[in-house]
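Numbers here are sequence positions counted from 1. Given the structure is predicted, the values throughout are model-derived calculations rather than measurements. Every heavy atom of this structure was used, including side-chain atoms; hydrogens, water molecules and symmetry mates were not.
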Amino acid sequence: LSNSLVPGRQEDAHEFWTALVKHLQSAVIRPHVQANRGKKLPIALQETSVMYKIFGGYLRSQILCTACNKGSNTYDSILDLSLE
């Protein structure tokens with residue numbers, strides 16, 4: 001499943017889940033990459049896959065300037081969310 005998952009080494013469920021979802025996403029988009037002559041698909045197109053529709057989302061990063069009170073939002077596409 002992943003080179004980082006090695007027998008005999010302790011791994012947690014999140015590492016397994018991340019590797020599984022990444023592998024499934026690669027399998028889902030592989031036919032489209034092959035049809036695109038091996039070129040990487042744009043992230044906007046990858047986000048239309050069944051994996052993104054089921055497990056995907058966006059992580060919003062928000063910065064607020066205390067001097068001028070102006071805000072800035074950045075949205076990053078994610079397939080998993082790490083809670084720390």
Fill in the blank from the handout: Rounded to the nearest 0.5 angstrom, the OG-CG distance for Ser61 and Asn73 is 8.5 Å
Problem - Any donor-acceptor N or O pair under 3.5 Å, side chains Ser72, Gln62 - result: no
Practice task
Quick one: pull up CG in Asp80 and CG in Leu20 and give me the separation to the nearest 0.5 Å.
Solution key: 11.0 Å
Completion exercise
Nearest heavy-atom contact between Tyr52 and Gln25 is CE1-NE2, 3.5 Å
Exercise for the section: Could you check Met51 against Val21 for side-chain contact (heavy atoms from CB on, under 4.5 Å), going step by step and ending with a plain yes or no? Expected result: CA-CA 8 Å; Met51 293 303 294; Val21 169; 4.0 Å; yes
Exercise for the section: Is it possible for you to say whether Leu79 and Tyr75 belong to one hydrophobic cluster, with membership spreading through side-chain heavy-atom contacts below 4.5 Å? Expected result: no
Exercise for the section: Decide if atom CG of Leu64 counts as having more than 12 heavy atoms of other residues, nucleotides or ligands within a radius under 6.0 Å. Expected result: yes
Practice task
Would you indicate whether the side-chain heavy atoms of Gln46 and Lys40 approach each other to under 4.5 Å?
Solution key: yes
Practice task
Kindly determine whether Glu47 and Lys53 satisfy side-chain contact (heavy atoms from CB on, under 4.5 Å), including the steps that lead there.
Solution key: CA-CA 7 Å; Glu47 291 172 354; Lys53 288 181 180 179; over 6 Å; no
Practice task
Could you grab the distance from atom CZ of Arg60 to atom CG of Asp76, nearest 0.5 Å is fine?
Solution key: 12.5 Å
Practice task
State the OG1-CD1 distance between Thr48 and Ile29, to the nearest 0.5 angstrom.
Solution key: 9.5 Å
Exercise for the section: Report whether Leu59 and Ile63 are members of the same hydrophobic cluster (ILVMFWY, side-chain heavy atoms less than 4.5 Å apart, transitive linking). Expected result: no
Problem - Path from Tyr58 to Phe55 over hydrophobic side-chain contacts below 4.5 Å - result: no
